Protein chains: 2
Amino acid sequence: MSTKSKRNLSGCPIDYALSVLGDRWSLIIVRDLAIRGAKTYAELLDGWEGISTNILAQRMRHLESNGIVEKRKNPANWRSSIYELTPKGRDLAPVLAEIILWGGAYNESDSPKNEAYDTVKSDRAKFEAAIRENDEIAQ
Amino acid sequence: MSTKSKRNLSGCPIDYALSVLGDRWSLIIVRDLAIRGAKTYAELLDGWEGISTNILAQRMRHLESNGIVEKRKNPANWRSSIYELTPKGRDLAPVLAEIILWGGAYNESDSPKNEAYDTVKSDRAKFEAAIRENDEIAQ
DNA sequence: CTGGATCCCAATAGATACTG
DNA sequence: CAGTATCTATTGGGATCCAG
């Protein structure tokens, strides 16, 4: 098992980013935490795409060990945990912004309704600030 | 087989981008075309990370069918083909830029020597313009 | 109940050898 | 040079099980 980082041989910053986020699910999870306001395992499971439990658990471990997310106890409900982005994770805001702009420009299908997707286009600084401050602009 | 797009159920622009680029290699290939000046299959094979031949062939087909790259004959050498980014592919420049900035900020290892990585930091517009114009700032 | 772990099985990714 | 063929390894979905 081992949370061995998927190897970043070249030292290239893109390769490094891919070693942390370069799979089909990690960035979806970041998106759910950053702009959909998901906070718990159950909320992450119940996303738009339907990740399975084993993959989610594995990715959360990977993201945690790479300093993207942090897990803490929910003070309001001791049975539940709260996941949140670290500053390193929140620094992905500009990456998310550019991906949303590119994906929005070339994807034919309609985006799901989410204020954030409009915000990126109309006021990108606001979008990024919201993620950085962990304010919810979401859903 | 089939170059079936890896499914973009949710319509989310991020999910769309991931359906095209969300694996360990596609963005590496885009990087090699955009900033390392690779143009042929052999040059792509001979990158910093060492992709294997079957994966490269498969990804090139996927990228081509998703409108990111274009293949044409090399006018100077009829036995060889030239791959290049389409405008859609070159529009990934801002995404690459943000990834390089993020990866550069958090990756401990030294980046390989490439002018482009310095250019992003010092003059981002120049970096993006170079990719958009298909000028080589590379290696 | 929430947050997983486990198992089974299908589908993909990948290394290496080889070919038109 | 630009791939394909083959074989192995890893990932992923879905159901179920289990611990706090």
Side-chain angles (χ1 to χ4, degrees), chain A residues 1-10 15 18-29 32-33 38-66 69-84, chain B residues 1-10 15 18-29 32-33 38-66 69-84:
Chain A
M1 316 283 134
S2 77
T3 306
K4 60 167 51 168
S5 268
K6 283 157 186 191
R7 162 213 51 164
N8 166 225
L9 298 169
S10 66
D15 192 37
L18 288 172
S19 77
V20 178
L21 300 161
D23 67 83
R24 197 67 178 70
W25 292 107
S26 297
L27 211 61
I28 293 284
I29 293 169
D32 283 352
L33 294 170
K39 286 179 167 10
T40 66
Y41 190 85
E43 286 166 355
L44 288 166
L45 264 187
D46 188 36
W48 290 325
E49 290 89 2
I51 187 173
S52 40
T53 65
N54 54 348
I55 304 300
L56 178 58
Q58 177 188 309
R59 289 305 125 90
M60 292 315 282
R61 255 182 282 122
H62 185 241
L63 290 173
E64 203 178 351
S65 77
N66 281 277
V69 305
E70 232 166 28
K71 177 157 96 168
R72 54 185 181 77
K73 289 288 156 201
N74 186 343
N77 177 357
W78 53 272
R79 19 178 128 242
S80 151
S81 291
I82 296 291
Y83 291 95
E84 58 185 2
Chain B
M1 317 254 89
S2 82
T3 306
K4 61 167 48 172
S5 268
K6 284 158 186 194
R7 164 213 50 170
N8 164 225
L9 298 169
S10 66
D15 192 38
L18 289 172
S19 76
V20 179
L21 301 161
D23 67 83
R24 198 69 178 71
W25 293 106
S26 295
L27 212 61
I28 293 284
I29 293 168
D32 283 352
L33 294 170
K39 286 179 168 13
T40 66
Y41 191 86
E43 285 166 357
L44 288 166
L45 264 186
D46 188 36
W48 288 326
E49 290 87 2
I51 187 172
S52 41
T53 65
N54 57 343
I55 303 299
L56 178 58
Q58 178 188 308
R59 289 305 127 87
M60 292 316 282
R61 255 181 280 124
H62 185 241
L63 290 173
E64 204 179 348
S65 76
N66 281 277
V69 305
E70 231 165 29
K71 177 157 97 168
R72 54 186 181 76
K73 289 286 156 201
N74 186 344
N77 177 357
W78 53 270
R79 23 175 125 244
S80 151
S81 290
I82 295 291
Y83 291 95
E84 58 186 3

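Just so it is clear: chains get the letters A, B, ... in the order the sequence lines come, proteins before strands, and each one is counted from 1. The figures here come from the full heavy-atom set of this structure, side chains too, leaving out hydrogens, waters and symmetry mates. If you're wondering where the values come from, they're calculated on a predicted model, not measured in any experiment.
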Checklist entry - Is B:Ile82 close to B:Lys73 at the side-chain level, that is, under 4.5 Å between some pair of heavy atoms? => result no
Item to check | Sugar-phosphate, base or nothing in reach of A:Lys73, heavy atoms under 4.0 Å | outcome: nothing
Checklist entry - Can you check side-chain hydrogen bond (donor to acceptor under 3.5 Å, both in side chains) on B:Asp23 and B:Ser26, steps first, answer last? => result CA-CA 6 Å; B:Asp23 67 83; B:Ser26 295; 2.6 Å; yes
Next on the checklist: With a 4.0 Å cut-off on N to O distance, would you call B:Lys39 and B:Asp32 a salt bridge?
Outcome noted: no
Next on the checklist: Measure CD1/B:Ile82 against P/D:dG3 and give the value in whole Å, please.
Outcome noted: 12 Å
Next on the checklist: With a 4.0 Å cutoff (strictly under), does any side-chain N or O of A:Trp25 reach OP1 or OP2 of D:dT11?
Outcome noted: no
Checklist entry - Whole-Å distance between D:dT10 P and A:His62 NE2? => result 15 Å
Checklist entry - How long is the line joining CG of B:Leu56 and C1' of D:dG3, in whole Å? => result 9 Å
Item to check | Whole-Å distance separating the CG atom of B:Leu18 from the P atom of D:dT11 | outcome: 17 Å
Checklist entry - Ion pair present between A:Glu84 and A:Lys71, side-chain N to carboxylate O less than 4.0 angstrom? => result no
Item to check | Euclidean distance, atom OH of residue A:Tyr41 to atom P of C:dC1 [Å, nearest integer] | outcome: 17 Å
Next on the checklist: What is the separation between atom CE on B:Met60 and atom C1' on C:dA13, rounded to the nearest whole Å?
Outcome noted: 18 Å
Checklist entry - So which heavy atom on A:Leu18 is nearest to which on B:Arg24, and how close? => result CB-NH1, 3.5 Å
Item to check | Phosphate contact (C:dA13 OP1 or OP2) by B:Gln58 side-chain N/O below 4.0 Å | outcome: yes
Checklist entry - Below 4.0 angstrom from OP1 or OP2 of D:dT11, is there any side-chain N or O of B:Arg24? => result no
Item to check | Short side-chain N/O contact to D:dC1 OP1/OP2 from B:Lys39, under 4.0 Å | outcome: no
Checklist entry - What nucleic acid atoms does B:Ser52 come within less than 4.0 Å of, heavy atoms only: base, sugar-phosphate, or nothing? => result base
Next on the checklist: Mind checking if A:Ser80 touches a base, just sugar-phosphate, or nothing, with heavy atoms under 4.0 Å?
Outcome noted: sugar-phosphate
Checklist entry - For the side chain of B:Asn54 and the base of D:dG3, is some donor closer than 3.5 Å to an acceptor across the two? => result no
Checklist entry - Looking at D:dG3, D:dG12, C:dG3, which one has an atom nearest to any side-chain atom of A:Thr40? => result C:dG3
Next on the checklist: What is the separation between atom CG on B:Leu45 and atom C1' on D:dT4, rounded to the nearest whole Å?
Outcome noted: 13 Å
Item to check | Side-chain N or O of B:Arg59 closer than 4.0 Å to phosphate OP1/OP2 of C:dA13 | outcome: yes
Item to check | Quiz item: B:Thr53 side-chain donor-acceptor pair to D:dA5 base, under 3.5 Å | outcome: no
Checklist entry - How many Å lie between CD1 on B:Ile55 and C1' on C:dA11, as a whole number? => result 13 Å
